[in-house]
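The structure displayed is predicted, hence computed values, not measured ones.
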Amino acid sequence: YQNDFIKLLKTFLRHYKSNRNRINIPILKEISNNDDRSSYFVTFFEKIYKNYEDNLLKNNEIDFEDMILKSTEIIQNKKFISKWKYIVIDEFQDISQHNLDLINSLLISNPECKLFCVGDDWQSIYRFAGSKLDLFTSFRKIFGDVTIISLKKTFRLNSSISEISRKFVIKNPKQFNKKIISNKIVRSPKVFLNWIRKDS
């Protein structure tokens with residue numbers, strides 16, 4: 001249980017730092033005010049966070065979230081002007097808010113820069129690390145006049161597995177409902193459930 005709690009604190013710390021321009025400890029306390037468990041956690045986290053930040057400052061160090069946040073701040077304050085013509089991002093479905101803020105600051109810094117992204121909302125699995133699916137599904141709304149090219153053919157899955165996967169994923173209404181064409185067509189089922197009953 002101790003290791004699980006430490007993992008929870010690390011994950012929460014990562015989320016908190018990456019969104020601290022949108023949320024802070026007083027807001028968290030207000031949100032958790034009617035729930036003892038949440039309130040205790042926020043109170044405990046506040047002490048952990050202060051000690052963590054003090055330790056970074058004492059050792060003249062920054063963590064990964066600081067790297068992103070400070071880079072964004074430097075660009076927004078025009079202390080760095082991007083001259084890059086292109087920004088290319090793979091696995092865009094795993095984008096987080098503070099990473100998106102960094103990208104936007106680079107695009108604003110250099111209006112001539114072109115953004116090219118590749119991603120698949122069905123493969124978004126890094127929520128624990130701060131990724132937000134709605135940043136992917138709202139791509140057109142966020143970036144405005146964009147060209148989206150859909151790749152509908154898969155070489156990874158046969159038609160049976162592809163269709164089972166599709167039915168499972170689109171149970172989540174936030175996912176895009178896509179029809180995937182498999183390169184390998186099969187007629188018999190390729191997904192099986194198998195279990196062994198153990199008598200007590």
Worksheet entry | Min side-chain heavy-atom separation Leu13-Lys10 under 4.5 Å | no

Item to complete: Please check if the side chain of Ser182 supplies one atom and the backbone of Leu157 the other of a donor-acceptor pair under 3.5 Å.
Response: yes

Worksheet entry | Audit row: Asn183, Arg156, side chain to side chain donor-acceptor pair (under 3.5 Å) steps and yes/no | CA-CA 8 Å; Asn183 189 51; Arg156 179 180 293 176; over 6 Å; no

Worksheet item: Would you say Thr11's side chain and Lys7's backbone share a donor-acceptor pair under 3.5 angstrom?
Response: yes

Practice prompt. Considering only NZ, NE, NH1 and NH2 on the basic side and carboxylate oxygens on the acidic side, decide whether Asp145 and Arg140 come within less than 4.0 Å.
Written response: no

Distance-only donor-acceptor pairs under 3.5 Å for side chains of residues 76-89, two or more places apart:
| from | atom 1 | to | atom 2 | distance (Å) |
| --- | --- | --- | --- | --- |
| Asn77 | ND2 | Glu73 | O | 3.2 |
| Ser82 | OG | Trp84 | N | 3.3 |

Practice prompt. Decide salt bridge (charged side-chain N to carboxylate O under 4.0 Å, His left out) for Lys50 and Asp54; before the verdict, give the C-alpha distance in whole Å, the side-chain angles of both, and the deciding distance to 0.1 Å.
Written response: CA-CA 6 Å; Lys50 184 179 185 308; Asp54 287 347; 2.9 Å; yes

Fill in: Flag side-chain contact, heavy atom, 4.5 Å: Trp122 against Arg166
yes

Worksheet item: Do Tyr16 and Leu28 touch side chain to side chain, with heavy atoms closer than 4.5 Å?
Response: yes

Worksheet item: Phe92 vs Phe136 aromatic rings, parallel, tilted or perpendicular, using cut-offs 30° and 60°?
Response: tilted

Worksheet item: Is there a donor-acceptor pair closer than 3.5 Å between any side-chain N or O of Ser124 and the backbone N or O of Leu133?
Response: no

Worksheet item: Do Phe44 and Phe5 have their ring centres less than 6.0 Å from each other?
Response: yes

Worksheet item: Got more than 12 heavy atoms from elsewhere within 6.0 Å of CZ, Phe143?
Response: yes

Fill in: Check: Ile103 and Leu115 side chains under 4.5 Å, non-hydrogen atoms
yes

Practice prompt. Would you check, one step at a time, whether the test side chain to side chain donor-acceptor pair (under 3.5 Å) holds for Asp63 with Tyr52?
Written response: CA-CA 10 Å; Asp63 59 16; Tyr52 177 74; 2.7 Å; yes

Discussion item. Could you list the cluster mates of Leu57? Members are the ILVMFWY residues connected by side-chain heavy atoms closer than 4.5 Å, either directly or through other members.
Written reply: none

Discussion item. Just by distance, no angles: are the side chains of Asn55 and Asn51 close enough, under 3.5 Å, to form a donor-acceptor pair?
Written reply: no

Worksheet item: Short question: side chain of Asn33, backbone of Lys29 - any donor-acceptor pair under 3.5 Å?
Response: no

Discussion item. With no hydrogens and no angle check, just 3.5 Å: does a side-chain donor-acceptor pair link Asp121 and Gln175?
Written reply: yes

Worksheet item: Does atom CD of Glu112 have more than 12 heavy-atom neighbours from other groups under 6.0 Å away?
Response: no

Discussion item. If hydrophobic clusters are built from ILVMFWY residues whose side chains come within less than 4.5 Å, do Phe139 and Leu102 share one?
Written reply: yes

Item to complete: Apply side chain to side chain donor-acceptor pair (under 3.5 Å) to Asn99 and Ser96, showing your working.
Response: CA-CA 5 Å; Asn99 284 326; Ser96 60; 2.9 Å; yes

